[in-house]
Amino acid sequence: MGKQPKYQQVADALRREIDNGTYGPGCKLPSEAELALRFDASRNTVRSGLSVLVGQGLISSSQGLGYEVRRHEVFELNASRFENLTFPQNGDAYSTDVSNAGRRPHQTFRVEVTTTPQYIAERLKVETGSRSVLRFCHRFVDDVPWSTQATHYPDWLLAEAPRLTDPGDIAEGTTRYLADRGTEQIGYRDEIATRMPTPEEARLLEIGAGVPVLLWTRTGYSSDRPIRCTITTMRGDLNRMNYEIGDLSGRDENEPQ
């Protein structure tokens, strides 16, 4: 601890107090002068420590108003139920889950015919560089950027499901649309990873420095082959995923969902 720069000690101490609830969401931090006195440090040193927390997305600063702990209203996604057609849906799975949580969904679309990158081609069992349809969604929860979703569909699927190239939303969701067209997704494989965002991801998701993204890759399968690969990129500070596997009848009702 003593070997750390003084500004880092300031940042670490305040981060612990934010984590343990001493300063909750929306709370104002003490002034730079008060913190300088507390930590026996110069105001420049305190300001550098506070800048670390700003960069990590924990606090925000406003000219003349000081520093405030950011409000992070986390959205919880049940990934095992997502796209499960046995559950009642109001539109696609995203709109259903967000609406059921009492939140407001909004999304924009971009659709294009493109070449398939290697990462996707390996999962779709097609040639790298072959043609595929990319449906790209920019998704929001209560007008706050929540995720981007890039789904590739192999070229062979277009003859069976021509609406995949429609430029707008498929209101019932693509999984349900494909099932209605005779291509039912009967299973999927998920891969979860984290990393720091690219500049473009940081721009689209309005991520501050120091906040990672959660990458959720889901490959969907019909009875005989892969039919799509979806990469969802989510803000690491505003999202939590869970899975429910097996019989959970013994779960306490008060446990987190």
Side-chain angles (χ1 to χ4, degrees), residues 56-58 70-85 87 89-112 114 117 119-120 123-124 132-153 164 166-178 185 188-220 227-244 256-257:
Q56 293 173 345
L58 293 176
R70 293 186 61 183
R71 299 177 186 273
H72 294 294
E73 193 166 358
V74 174
F75 179 74
E76 184 159 333
L77 173 69
N78 188 311
S80 51
R81 293 185 181 182
F82 199 75
E83 301 169 339
N84 188 329
L85 302 188
F87 288 90
Q89 288 194 187
N90 177 23
D92 64 12
Y94 152 77
S95 297
T96 300
D97 276 11
V98 175
S99 298
N100 287 347
R103 311 284 290 275
R104 183 161 43 85
H106 168 66
Q107 55 188 335
T108 62
F109 286 89
R110 185 180 84 245
V111 180
E112 60 184 272
T114 185
Y119 179 85
I120 301 295
R123 286 153 180 77
L124 291 180
S132 61
V133 174
L134 169 63
R135 295 183 62 85
F136 183 89
C137 302
H138 190 193
R139 290 177 161 169
F140 300 78
V141 174
D142 298 333
D143 294 326
V144 176
W146 174 60
S147 71
T148 62
Q149 184 183 75
T151 303
H152 284 261
Y153 298 92
L164 288 176
D166 285 0
D169 187 13
I170 295 177
E172 69 271 32
T174 53
T175 302
R176 192 177 295 275
Y177 166 62
L178 290 175
Q185 177 178 284
Y188 56 79
R189 178 176 183 266
D190 282 1
E191 303 167 69
I192 309 295
T194 59
R195 61 165 168 75
M196 299 310 294
T198 66
E200 177 66 3
E201 289 167 347
R203 183 186 69 80
L204 289 173
L205 297 176
E206 299 180 8
I207 300 175
V211 177
V213 291
L214 174 67
L215 299 176
W216 174 25
T217 301
R218 173 168 285 189
T219 305
I227 57 175
R228 56 96 175 192
C229 183
T230 301
I231 301 178
T232 304
T233 305
M234 296 184 279
R235 285 180 55 155
D237 60 338
L238 295 182
N239 292 277
R240 181 168 62 211
M241 293 175 61
N242 65 55
Y243 287 82
E244 296 178 353
Q257 296 296 310

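Sequential numbering from 1 along the given sequence is applied to the chain's residues.
- When side chains are defined from C-beta on, Ile207 counts as touching Val213, because their heavy atoms get closer than 4.5 Å.
- Heavy atoms only, all atoms of each residue included: His152 and Ser132 are closest at ND1-OG, 3.1 Å.
- Judged by the 6.0 Å and 45° rule, Arg228 forms no cation-pi pair with Tyr153.
- Here the side chains of Glu112 and Val133 are not in contact, with every heavy-atom distance at 4.5 Å or above.
- Of the inter-residue distances, the one linking Ile227 atom CD1 with Leu178 atom CG reads 5.5 Å to the nearest 0.5 angstrom.
- A donor-acceptor pair under 3.5 Å links the side-chain atoms of Asp142 to the main chain of Arg104, judged by distance alone.
- Across all non-hydrogen atoms, the minimal contact from Pro145 to Leu238 is O-CD1, 4.2 Å.
- With rounding to the nearest 0.5 angstrom, the OG1 atom of Thr233 is 5.0 Å from the CG atom of Leu215.
- Side-chain contact between Thr174 and Thr151 is absent, with no heavy atoms from C-beta onward closer than 4.5 Å.
- Val111 and Leu164 get closest at one heavy-atom pair: CG1-O, 3.7 Å.
- Here the straight-line distance linking atom CD1 of Ile231 with atom OG1 of Thr217 works out to 4.5 Å at 0.5 Å rounding.
- Applying the side-chain hydrogen bond (donor to acceptor under 3.5 Å, both in side chains) test to Arg123 and every residue at least two apart in sequence or in another chain returns Glu191.
- Note: Thr219 OG1 to Gln185 CD = 9.5 Å, rounded to the nearest 0.5 Å.
- Counting non-hydrogen atoms of neighbouring residues, nucleotides and ligands closer than 6.0 angstrom, the CZ atom of Arg189 reaches no more than 12 such neighbours.
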request  = For Thr148 and Cys137, run side-chain contact (heavy atoms from CB on, under 4.5 Å): C-alpha distance rounded to whole Å, both residues' side-chain angles, the deciding distance at 0.1 Å, then the answer.
outcome  = CA-CA 6 Å; Thr148 62; Cys137 302; over 6 Å; no
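- Partners of Thr232 by side-chain contact (heavy atoms from CB on, under 4.5 Å), not counting sequence neighbours, listed by chain and number: Ser147, Gln149, Trp216, Thr230, Met234.
- Gln107 is listed as a side-chain neighbour of Asp169, based on a closest heavy-atom distance under 4.5 Å.
- Of all non-hydrogen atoms in Pro197 and Ala202, the two that sit nearest each other are CB-N, 4.1 Å.
- Counting heavy atoms from C-beta on, the side chains of Leu214 and Ile192 come closer than 4.5 Å.
- Judged by distance alone, the side chain of Arg235 and the main-chain N or O of Pro212 form no donor-acceptor pair under 3.5 Å.
- Applying the ring pair (Phe, Tyr, Trp, His ring centres under 6.0 Å) rule to Phe140 yields the partners His106, His138; only residues at least two apart in sequence or on another chain are considered.
- Atom OH in Tyr119 sits 11.0 Å away from atom CG in Leu124 (nearest 0.5 Å).
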query = Between Glu201 and Arg203, does a salt bridge (charged side-chain N to carboxylate O under 4.0 Å, His left out) hold up when you go through it step by step?
reply = CA-CA 5 Å; Glu201 289 167 347; Arg203 183 186 69 80; over 6 Å; no
